[in-house]
Every structure is written in C-alpha cells, then in structure tokens.
Amino acid sequence: MRKPHPLCMALVLCLHLWAGPRSIFGQTGGPAPVSSRQSITPRTKSSIYGAQGLLKLDVVVTDASGKPVSGLSRDDFTLLDNGQPAKILTFQATNENSVQFNPPVEIILILDTLNVRGRAADREQREVTDFLTQNGGRLAQPVTIYSLSHDNLRLLARPSLDGNALASAISHPKDSASSQNGLGSARGEYLGSSYADDSPGQLALKALGEIAATENRKTGRKLLFWISPGGKQETDLFSKMDKEKLFSSIHWYSTLLRQARITLYSFSVGEAASDPRALQYKDYLTGVRSFDQANINNLDKKVLAIQSGGLVLASNKDATTEYSKTDPAGGMAESGLVPNLNRCVEEAAAFYTLSFNPAFTDHLDDYRDLRVQIAKPGFIARTNAGYYDEPYFYDLPHTPAKHVTVDQLQQALATIRDKRDAEAARELSQLELTERLSSEKLLALKGAVRGSRAVGALVALADASAFLAPPPNEILADSPPDAAMQRKLSELVLDYVHETMPRLPNFFAVRSTARYEEGIDHADETGHQIGYQPLHWVATSKDTMLFRNGHEVAEAAGKKDTPTQLEQATLATVGTFGPILGAVTDAIAAPGGLTWSRWEQRSAGRRAVFAFSVPQPDSRYRVGYCCLPDGGGNITLQILTGYHGEIAIDPDSGAILRLAIEADLRPDLPIHRSDILVEYGPVEIGSKTYISPVKSVSLSRSRTVLNMMDDAQSFRAFGPFATLLNDVSFSGYHIFRSESTLLTGFDPVPDQK
C-alpha cells in the first residue's frame, strides 16, 4: 500500500551571505529527505539549472526494422497528454558520441530462476554468460547483475564494464566479493531469509520494487532486463488486496519506474508464442484510472515493461517473438537470447530525453495517457505510457484566504478576543494581509489576543506581510527629493555601508528564533493520517551570535555546527550582520540604481524609501534547494538569480533602517519564494550606541518531498508546496573583549605518586 508521508514537512533553508567575489549572499532551501535517521551532508548538483519541466521522459525512436534512430530534433517530436499536445520544455538527444552521456546508461540484468529448474536454468545462465563475454568481455555500458531465486534476491555484481568478471560472478557466486550481500546491503541490511515464505509472484514484485527503489537513488537512465521463465506471473499477496490498496500499488510501481528512469524489458525464456498465457498481458495495458479498475494483472511485469516504454520478448531455442503495444504482431526473425539482448542494449546508446509540465488537475491520482509522435514516417517512439497527475504539482493555496487591511485586522481582533486560544488561532490563520503590519503596530496588537497559539498566528500573519507596502496612513504626502538630493542620499548610504558598519566593535548578541511552518496533508510512518495545518508556530530557539572582525559566528549551547539533519525542516539565517549589506552596494551599482519610492512615517521620524532591482547577470545572489528527490535525496540545487527589494534609510545620517530582499525565481524551480527582511535600530554596545539588526524575517516557499511507500520499500517524490518562516529578534548586545594575565612566581605542583 502506498503511504505517502513527508520526509521533510517543508524546507531546509539557510541564507548564506558570502563575501567572496560573485557570491556575496544567497539562500539554500527545499525538502531534505532521508529514509533513515542518519545525517547526510548534501552535495551540490549544479549552480546552473536550466529551465525544465517537472516530469522527465526518456524516449527511444526506432525504424521499421527495430533499430534505434538518432539525429532527430525537437521539431520532430510531438508529445500528447491525454491526446492533447503538451509543450516540450527541454529536449536532449543522446548518442554514443554525446558529451552529455554522463552518467552512462546502466544495464541491469536480473536472472530470475524462480520457476526454472535443471537444464532450463543452466541454459539461461549460459546464454547470459555468452552475452557478457562476447567481444572479449568489453561491454559498451556498465552492467549490474542480480539473481532471484526461491528464497532471496542477491546482488551478484555491481556496475562493471568487464564482462568476463561479471560472467565469473554468475558462475561462481560464492567467490564473488559482493555475493554475500543482499540487495538491501545498500541500506545496511540483508534481505535473504525474509523472502523464503513468499510465492514466486510475491518475490518477483518485491524484487522489482527493491531494485527500482535502490536505482532511484542514482541519477541517469537505466535499462532493466528481466530474464525469466515464461508463463503468467503469480501474485498471491497482491491478489488478496482490496481494490483501493491494489490501485495504490499500481500507482506506486508506475511512478517509481518513471521517476527512477527505468525502462523494463521482459525476456521470457522457453516461452512459445502459441502459449495463451504469453499474450494474456495485452488485455491489461490500459492505464488504471481508478481503484475499481484495478486488477492484479496490471502488476504483471510484462505490463509494467510496456508501461515503462520497454519491450516484451519471448525467446525459445528456435525463434524469438516480440510483443509490444506499438507492434502487437511482433515478428523478429532472430533467434536466441543473446541477439535480443544486443538489440536492446543498442537502445542505451541512442535516445532522447524531454521534460514537460503535467496538466492541471483537481483530482488526486489522475491517470493521464502519454504518447510521442514522430513527424517523419515509419518511425515509432516508445516512452512511459502514462503518469499519475496531482493537484499539488501546481502551487495553489490549501484554502482561499480572506484578504484584510491592517484596520480590518484590528476590527477582527476585537471579535476574537474572548474566544478560545485554538479557535482564535484558527480564525487568524484564515486571514491574509494586503498591506504591511509594522513591528511597532504588531507589538501593540499582541495585547488584543489571548493564548500562545493566537499570538503565534498573529505573528505569522504580520511576518508574511513584511514585504508588502505599508498602509496609506503610514505613507507621507511630502514631495519626493529632487535628483541631487537622491544622489546625496545614495552617497550617504554608501558611506554608511563602507565606513560606519566596518567600525562595529566585536560583540555578543542573543538571537531568538521563532520557527513557523505549514503542514501538509500526509500520513506518518505508522500510516496515521495527519490533516493540513496552516502556517503555525513550531519551536523557539536561542543561540549566541558572536560578531568578530566583521564576521558572525553562531554558537548554540556551546555546540559546534553539525551536518544538517535532513529529515528536519529548518530555516536558518546567516550573515545578518554586515554581509547582507552587499546587496545595497550591488543595487546602487546596478542599472537604474536606487529609485525613489516614498516617504514613510515612524515614531522615530520619517524614512526615505528606495526601491532597487538587480538582474541575474549582475547578481551574486545564490538560491539553493535541498534536496531534490532523485539522486538519493541528498543532492542540493544552487541557482544564481536576480532579486529586487526596498531599502529604508534615515535621511539625515544615511543609516539603513530596513532592508527587504526578494529573489526573482523562475516558475519552474522547486523553490518559489526566498525572501529576507532585516530591521535595524539603535542598540548600546560597550556604552556606545550603534545602529544594528534588531529583527529579521526569513520566508521561503517550496515543494516538499514525500516518501512514497509500498510494503517495505519507498522512494522520494515531489509533494505539495509549503511555507517556512523564521521570526528572529536580536537582544542582549555585549561588547566582546579578551584579556590575558601573566602570572609570576608560579610553582608547579609536584607529581603525586
């Protein structure tokens, strides 16, 4: 049964404000899943992430003789989604000479002897050995070998280009260095005797799920050659499922094979085309759209092969017959397993990869047919036969919010003052401000609610509005400064950044972080269903910020930094003191510089507010997403992006009082929002007053990652969007001094023996 639950409820977001060339500051964020409780240090996938669709397809094009066709262009392809043309967002042609052929396509051989005895098993092994040792044992693609017997699935050999060594691992499995490790050893466990009581059909499906889930942790395309006896696949375990659970398993296998980029090829050894069981699978090739259509035969490996874009081939001693969705009559003239394997291996060297965005749907698990047409006659394209669409593939609010102004919020607070804490928090969470609620007014309004939940909901509501324009009554009607005055104000800002801020003394400050997150509908690891939760308070933490020699260091309870716990959702802000002001210098230097916005009124006086925009070519803003579902869930993504924002300054001194930065993110990225706001105010450090950060807000919205479970296996897939927010305050500023004293006349204590 498929039990999706979030490996990470939302994001792991760290705002790094780097000071090196072309990297002053940036953000990293995104779901950070792991399937165990161990820490994983993510590795960067790429700092260049081209526009691409959410779903990726590998397409093989063949001519009338079945030979793969290369040299086609994007214009030759038409992708049909439920019969309607879908826009191909990216297109890549790969052949043996492609520079993009990295990682190489992996060939996975499964020697299935579940129902094979004696001479038939020997023949299967002999023909596979002949395939591996041809051409002196030099293989075009790396090959991995598994064996599937009545009691276990065993990894005989890891990916290798040495066919002779692979053949030896088959003939002498006990001598193979890896033969004593079950497939599960990749996760630190051995899957052997646990399969002993399973029927052949159960074991075959479990093995496919185990291999595919393991391969999903690797990048690149894989061709899985399942070499087995003929006949109908028995699936006793799955036949006992009710329709809903069976549909979940069909959904799970279909999605896993597509996401892992696995194309399945089913080779039936010793099966005659005249056997009625050989063609039974063809009655179940249509995608399963609802649980009442689910049938156990939809999980037959032949069906899964066609659905994944592969082939079904029957091989006996005299002839070979191919059955496929696109060519049901078959008609291959070659005989024997080796020619069939060679022909299918050719499809690893010439194929096309395209991406697209799924169609919008308002139905969960909405199955949609896929088909690729080639403009040139006589060519046939094979790819995944369909996919399951989800509403959350698009970033839509869980429930439409009620938009209110600050004045309307004040009126609403009067009506909920006497309500219970949980009810008041629920009503506040259904609101969305259309204008900024300032920190000063937020402090005054906190007294209008009772209970910690309601206060937390009010803070989340205010912080979510931090990047909006203020209410009209806070905007002064004063005339804007002339061009000369605007230049003078810009010069004051630069002087402040270059002269005043570097003179800050070394100091300590206490950083208090209130963490808020949005919870999605999901099932936990026990299967218990947990409903949606709006943005709500999760935890508050404190640490000590040390600002020394122009750099900040965070220490929490005296502990050193540890690798990120990727199963936890965190949003950390680093670089608030100083480096973030590099955005100001970039904004002034950017085309257009600072542009006048308005005068704002505050209790301490009026502020001059400027807007700015830094385009991507001039940007040093790196946004990172951790972590992508593929590649084992530990691959981060770093993007160089433009940004825009506002800066509010004291018109007399040029001191920066408020800085808001919003990333200009492409819609195809898994992270849709990555913003930070810093408010500055007077603080006393060592009997002197400085303008330093007193509050910051970090906000990010990104795709979550779900753990898709079926039986004991799982894989990662994108889930609904969720928001993380940090409300950070700085207090307890103390000057940092180090002192040393030279002691004289010190007599060492003699050793005690």
Side-chain angles (χ1 to χ4, degrees), residues 1-2 57 80-83 110 112 114-115 199-209 212 224-260 262-268 271-314 321-330 365-372 380 382-389 710-711:
M1 177 180 177
R2 182 173 55 92
L57 298 176
L80 299 178
D81 184 337
N82 263 8
I110 303 178
D112 178 355
L114 290 174
N115 289 325
S199 69
Q202 291 174 256
L203 181 52
L205 275 172
K206 284 186 176 182
L208 176 59
L224 196 157
F225 297 165
W226 195 295
I227 303 170
S228 66
K232 182 179 180 295
Q233 178 173 302
E234 298 178 9
T235 49
D236 298 341
L237 171 67
F238 296 90
S239 63
K240 297 176 183 178
M241 288 184 178
D242 59 42
K243 288 283 189 177
E244 188 171 356
K245 292 182 178 179
L246 183 57
F247 175 77
S248 292
S249 285
I250 294 169
H251 180 299
W252 188 85
Y253 278 96
S254 172
T255 305
L256 172 59
L257 291 176
R258 175 181 55 78
Q259 183 159 307
I262 289 178
T263 304
L264 176 62
Y265 296 75
S266 177
F267 297 83
S268 297
E271 181 178 63
S274 58
D275 188 338
R277 298 177 300 175
L279 298 178
Q280 185 177 0
Y281 77 95
K282 293 173 63 178
D283 296 329
Y284 302 94
L285 295 178
T286 302
V288 181
R289 301 180 182 276
S290 62
F291 69 88
D292 60 324
Q293 297 177 353
N295 187 290
I296 188 58
N297 291 291
N298 294 115
L299 288 172
D300 189 290
K301 61 178 174 290
K302 293 181 180 179
V303 174
L304 295 176
I306 298 300
Q307 288 285 327
S308 70
L311 295 171
V312 173
L313 302 107
T321 305
E322 174 190 6
Y323 311 102
S324 73
K325 186 175 182 181
T326 56
D327 184 16
D365 305 333
D366 182 11
Y367 184 85
R368 301 183 65 86
D369 292 304
L370 287 175
R371 189 157 58 95
V372 174
I380 296 175
R382 296 197 327 270
T383 187
N384 299 85
Y387 71 98
Y388 285 95
D389 202 358
D710 189 272
D711 194 44

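For the single chain, residues carry numbers from 1 onward in sequence order.
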Inset, instruction - Would you indicate whether the side-chain heavy atoms of Tyr281 and Val312 approach each other to under 4.5 Å? - result: yes
Legend entry - Those residues that, when tested against Arg368, pass side chain to side chain contact (heavy atoms under 4.5 Å, CB included) (two or more places apart): Asp81, Asn82, Ala359, Asp366, Tyr387, Asp389
Legend entry - side chain to side chain contact (heavy atoms under 4.5 Å, CB included) between Arg382 and Leu311, worked out: CA-CA 9 Å; Arg382 296 197 327 270; Leu311 295 171; 3.7 Å; yes
Legend entry - Nearest heavy-atom neighbours spanning Lys302 and Ser268: CE-OG, 3.6 Å
Inset, instruction - Give, for atom CG of Asn295 and atom OH of Tyr284, the distance between the pair rounded to the nearest 0.5 Å. - result: 4.5 Å
Legend entry - Rounded distance (nearest 0.5 Å) linking atom CG of Asn297 with atom NZ of Lys282: 15.0 Å
Legend entry - Contact summary for Ala260 and Ala212, nearest pair of heavy atoms: CB-O, 3.9 Å
Legend entry - Tyr253 versus Leu299, closest heavy-atom pair with distance: CD1-CD2, 3.7 Å
Inset, instruction - Can you see which heavy atom on Leu264 is nearest to which on Lys301, and at what distance? - result: CD2-O, 3.5 Å
Legend entry - Full working for side chain to side chain contact (heavy atoms under 4.5 Å, CB included) between Tyr388 and Val288: CA-CA 10 Å; Tyr388 285 95; Val288 181; 3.9 Å; yes
Legend entry - side chain to side chain contact (heavy atoms under 4.5 Å, CB included) against Thr263, all qualifying residues, sequence neighbours excluded: Arg221, Leu223, Tyr265, Ser308
Legend entry - Sidechain-backbone polar pair: Ser254 side chain, Ile250 backbone, donor-acceptor under 3.5 Å: no
Inset, instruction - Could you go through the side chain to side chain contact (heavy atoms under 4.5 Å, CB included) check for Leu224 and Ile110 one step at a time? - result: CA-CA 8 Å; Leu224 196 157; Ile110 303 178; 3.3 Å; yes
Inset, instruction - Taking all non-hydrogen atoms of both residues into account, name the closest pair between Thr286 and Asn298 and its distance. - result: O-ND2, 4.2 Å
Inset, instruction - Could you check if a side-chain atom of Leu285 sits within less than 4.5 angstrom of a side-chain atom of Val303, using non-hydrogen atoms only? - result: yes
Legend entry - Rounded distance (nearest 0.5 Å) linking atom NZ of Lys206 with atom CG of Asp710: 10.5 Å
Legend entry - From Leu208 atom CG to Leu256 atom CG, the distance as rounded to the nearest 0.5 Å: 7.5 Å
Legend entry - Residues forming a side chain to side chain contact (heavy atoms under 4.5 Å, CB included) with Thr383, sequence neighbours excluded: Leu57, Val59, Val372
Inset, instruction - Kindly check if the number of other-residue, nucleotide or ligand heavy atoms within 6.0 Å of CZ (Phe291) is above 12? - result: no
Legend entry - Distance-minimising heavy-atom pair for Arg289 and Tyr367: NH1-O, 2.7 Å
